[in-house]
There are 2 protein chains.
Amino acid sequence: MQQSVSSFRRKAVCSNCRLRELCLPVGLSAGEMQRVDDISHLKRGYARGDYLYRSGDKFQSLYAIRKGSFKTQVLHEDGREQVTGFQMTGEIIGLDAICTDHHTCDAVAMESSEVCELPFNKLEALSRELPSLQRHLHKIMSREIVRDQGIMLLLGSMRAEERLAAFLLNLSQRLAARGLSPTQFQLRMSRQEIGSYLGLKLETVSRAFSNFQDNGLISVRARAVELLDLPGLRTLIGKQQ
Amino acid sequence: MQQSVSSFRRKAVCSNCRLRELCLPVGLSAGEMQRVDDISHLKRGYARGDYLYRSGDKFQSLYAIRKGSFKTQVLHEDGREQVTGFQMTGEIIGLDAICTDHHTCDAVAMESSEVCELPFNKLEALSRELPSLQRHLHKIMSREIVRDQGIMLLLGSMRAEERLAAFLLNLSQRLAARGLSPTQFQLRMSRQEIGSYLGLKLETVSRAFSNFQDNGLISVRARAVELLDLPGLRTLIGKQQ
DNA sequence: TGACCGGTTTGATATATGTCAAAATTCATG
DNA sequence: CATGAATTTTGACATATATCAAACCGGTCA
């Protein structure tokens with residue numbers, strides 16, 4: 001299942017993977033962009049539940065999500081597992097694996113998805129030639145560190161409803177950045193997965209959703225969410241105790 | 001206070017900052033090592049409480065801790081602050097700032113400390129020339145991402161005593177890697193700071209310490225800690241509920 | 001040495017979230 | 001459209017951790 005995926009290489013065609021719009025939007029000339037395209041190749045046909053990679057897999061490539069979305073999760077020895085992130089179109093996935101040459105988490109498709117595979121050796125070689133690519137790669141890695149710190153803050157010092165509000169606002173902002181509706185969307189993940197990500201039990205997540213709805217902040221039916229009061233959600237965050 | 005620090009440049013002297021032993025232990029020839037030394041310079045005289053950098057400061061350099069230890073902390077708008085890490089000798093600090101060109105957290109000395117400043121532009125230029133340096137830099141950034149994911153797991157799914165056990169074992173392991181006693185050491189941080197890092201209140205941290213002591217796992221008096229039963233501490237982690 | 005002062009420990013109590021269980025809803029399938 | 005499985009919601013109750021408060025300790029400075 002994991003490998004039931006067709007893989008194309010179209011050396012000649014620019015924006016093979018639409019990297020331009022996706023993950024490398026800055027500072028590269030058309031010619032430089034072409035060279036990144038040349039080393040990347042498209043992988044299509046990931047269905048909900050398919051693994052992009054598994055914890056322990058040999059590290060070869062980074063992946064730019066071209067369509068769809070993935071979740072990443074780490075498994076503790078004792079069976080506990082935790083979702084460490086939800087990634088959507090345009091985001092880069094696989095950075096965790098560089099340090100050990102093996103992936104440290106699973107990446108699982110949450111819907112029908114496509115990715116651009118970026119062989120890391122080639123990406124490194126190219127970034128030695130192209131300083132702006134090099135800098136961009138560093139920024140992507142740094143952004144991941146900052147993102148993780150934000151989640152640490154969330155997990156370490158926010159209460160349940162603050163966490164959910166922060167989560168919804170973050171989703172909203174990322175959708176907006178992609179030109180999608182920032183107030184009306186379909187969640188791709190279950191209450192269980194949201195809870196795992198936010199360090200909460202699924203019942204707590206569900207109650208927080210209901211509570212937001214009762215207070216007119218959102219409208220929610222199963223996975224269909226509408227954010228009715230963005231400022232209201234924002235002020236929720238930071239309410240100590 | 002922050003800038004009451006003397007800064008030396010010793011171009012000619014190799015291992016200016018003992019980078020060899022510190023943070024770049026692999027894959028570089030002596031000559032290559034020398035070139036890293038050449039771009040770095042030592043900054044000494046940080047006392048407990050001194051800032052290495054503050055959130056918002058312009059990003060210029062990474063820092064390799066040469067002596068002593070630092071904590072990093074992020075501040076939420078509403079005044080909440082959270083410790084995101086404790087860094088000790090040989091560790092690299094400042095990676096968060098690359099993505100925005102500004103630091104996103106404070107770095108504060110926890111004791112008398114020294115660092116090697118590594119101007120990032122020069123480090124990037126050099127790593128374009130030296131593939132093994134480039135790879136090493138990527139590994140350092142990736143390791144930080146993996147470390148953060150571990151903390152997310154800790155904050156998201158461990159209970160108070162598991163968190164403290166994980167914290168103590170992590171300290172122990174890092175001390176061992178530096179040839180220091182892994183079972184007997186002086187904590188550099190307060191219960192408050194440990195609590196902030198672990199997402200707990202200081203009283204909860206204190207109770208967990210006492211509890212470990214009552215169970216013969218550790219011996220603790222204020223900041224002096226002795227780990228008496230490492231396997232016991234390890235089995236503590238993973239005890240669901 | 002003594003007296004402070006910040007940090008730490010301990011106790012009593014409150015509360016947010018977890019747990020368990022059942023009902024309700026949504027989704028997939030034939 | 002009907003059936004059943006999976007997910008979500010809701011309720012009652014349990015519990016881990018937070019909160020508040022007081023006592024205790026250890027290092028610092030006169």
Side-chain angles (χ1 to χ4, degrees), chain A residues 47-49 71 80 82-83 110-112 154-168 186-215 218-226 236-241, chain B residues 47-49 71 80 82-83 110-112 154-168 186-215 218-226 236-241:
Chain A
R48 178 169 177 80
K71 65 171 176 178
R80 266 180 297 199
Q82 173 149 356
V83 173
M110 295 201 297
E111 61 189 306
S112 174
L154 179 146
L155 292 171
S157 61
M158 288 187 185
R159 291 166 324 100
E161 294 186 357
E162 296 181 81
R163 295 185 199 187
L164 186 63
F167 170 71
L168 291 172
Q186 200 73 17
L187 295 171
R188 295 270 111 92
M189 65 293 280
S190 69
R191 299 291 186 263
Q192 156 80 262
E193 289 169 323
I194 295 172
S196 173
Y197 179 62
L198 298 178
L200 301 169
K201 294 294 159 181
L202 66 94
E203 296 94 331
T204 306
V205 174
S206 177
R207 275 184 243 274
F209 268 120
S210 300
N211 189 2
F212 285 176
Q213 178 157 250
D214 295 347
N215 287 100
I218 69 171
S219 155
V220 54
R221 221 174 77 243
R223 300 203 181 177
V225 176
E226 181 172 11
L236 238 172
I237 303 173
K239 291 264 183 291
Q240 304 263 30
Q241 103 138 298
Chain B
R48 177 169 178 79
K71 66 171 176 179
R80 266 181 295 202
Q82 174 148 355
V83 172
M110 295 200 297
E111 61 189 305
S112 174
L154 179 146
L155 292 172
S157 61
M158 288 188 185
R159 290 167 324 99
E161 295 187 356
E162 296 181 81
R163 295 185 200 187
L164 186 63
F167 171 70
L168 291 172
Q186 199 74 17
L187 294 172
R188 296 268 109 94
M189 64 293 278
S190 68
R191 301 290 185 264
Q192 156 80 263
E193 289 169 324
I194 296 172
S196 172
Y197 179 61
L198 298 178
L200 302 168
K201 292 296 159 180
L202 66 95
E203 296 95 328
T204 306
V205 174
S206 177
R207 276 184 242 273
F209 268 119
S210 301
N211 189 4
F212 286 177
Q213 177 157 252
D214 295 348
N215 288 99
I218 69 172
S219 155
V220 54
R221 221 175 77 247
R223 301 206 181 174
V225 176
E226 181 172 10
L236 238 172
I237 302 174
K239 292 264 184 294
Q240 305 262 30
Q241 104 134 298

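Just so it is clear: chains get the letters A, B, ... in the order the sequence lines come, proteins before strands, and each one is counted from 1.
The 5' end of DNA chain D is approached more closely, in terms of each residue's nearest nucleotide, by B/K201 than by the other of B/K201 and B/Q186.
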Query raised in the report: Where do B/I218 and B/E226 land on the side-chain contact (heavy atoms from CB on, under 4.5 Å) test, with the steps shown first?
Result: CA-CA 6 Å; B/I218 69 172; B/E226 181 172 10; over 6 Å; no
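We find that CD1 of A/I194 is positioned 16 Å from P of C/dT17, with the value rounded to whole Å. Rounded to whole Å, the distance from CE on A/M158 to P on C/dA16 is 17 Å. In this structure, B/R159 atom CZ and C/dT19 atom C1' are separated by 14 Å, rounded to whole Å. Note: CG (A/L236) to P (C/dA16) measures 14 Å, nearest angstrom. Computed from coordinates, the A/L200 CG to C/dT19 C1' distance equals 14 Å when rounded to whole Å. In this structure, CD of A/Q213 is placed 9 Å from P of D/dT9, rounded to the nearest angstrom. D/dA16 atom P lies 18 Å from atom CG of B/L198, rounded to whole Å.
B/L236 places a side-chain heavy atom less than 4.5 Å from the side chain of B/F212. Between B/I194 and B/L200 the shortest side-chain heavy-atom distance does not fall below 4.5 Å. Looking at heavy atoms from C-beta onward, B/M110 lies in side-chain contact with B/R48 at the 4.5 angstrom threshold.
In this view, B/S112 and B/K67 satisfy the side-chain contact (heavy atoms from CB on, under 4.5 Å) rule, not counting sequence neighbours. With sequence neighbours left out, the salt bridge (Lys or Arg N to Asp or Glu O under 4.0 Å) criterion links A/E111 to A/R188. Scanning for salt bridge (Lys or Arg N to Asp or Glu O under 4.0 Å) contacts around A/E161 gives an empty result, with sequence neighbours left out.
Environment of CZ in B/R221: sparse, with no more than 12 heavy atoms of neighbouring residues, nucleotides or ligands closer than 6.0 Å.
The end-to-end axis angle of the helix from C/dT1-D/dA30 to C/dG30-D/dC1, rounded to 10 degrees and based on five pairs per end, is 50°.
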**Report entry** Heavy-atom protein contacts under 4.0 Å, nucleotides 1-10 of chain C, coded B base, S sugar-phosphate only, - none
**Finding:** ------SSBB
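Note on B/G195: nothing from the nucleic acid sits closer than 4.0 angstrom, heavy atoms only.
Each side-chain hydrogen bond (donor to acceptor under 3.5 Å, both in side chains) pair with one or both residues in residues 194-207 of chain A, not counting sequence neighbours, would appear here, but there are none.
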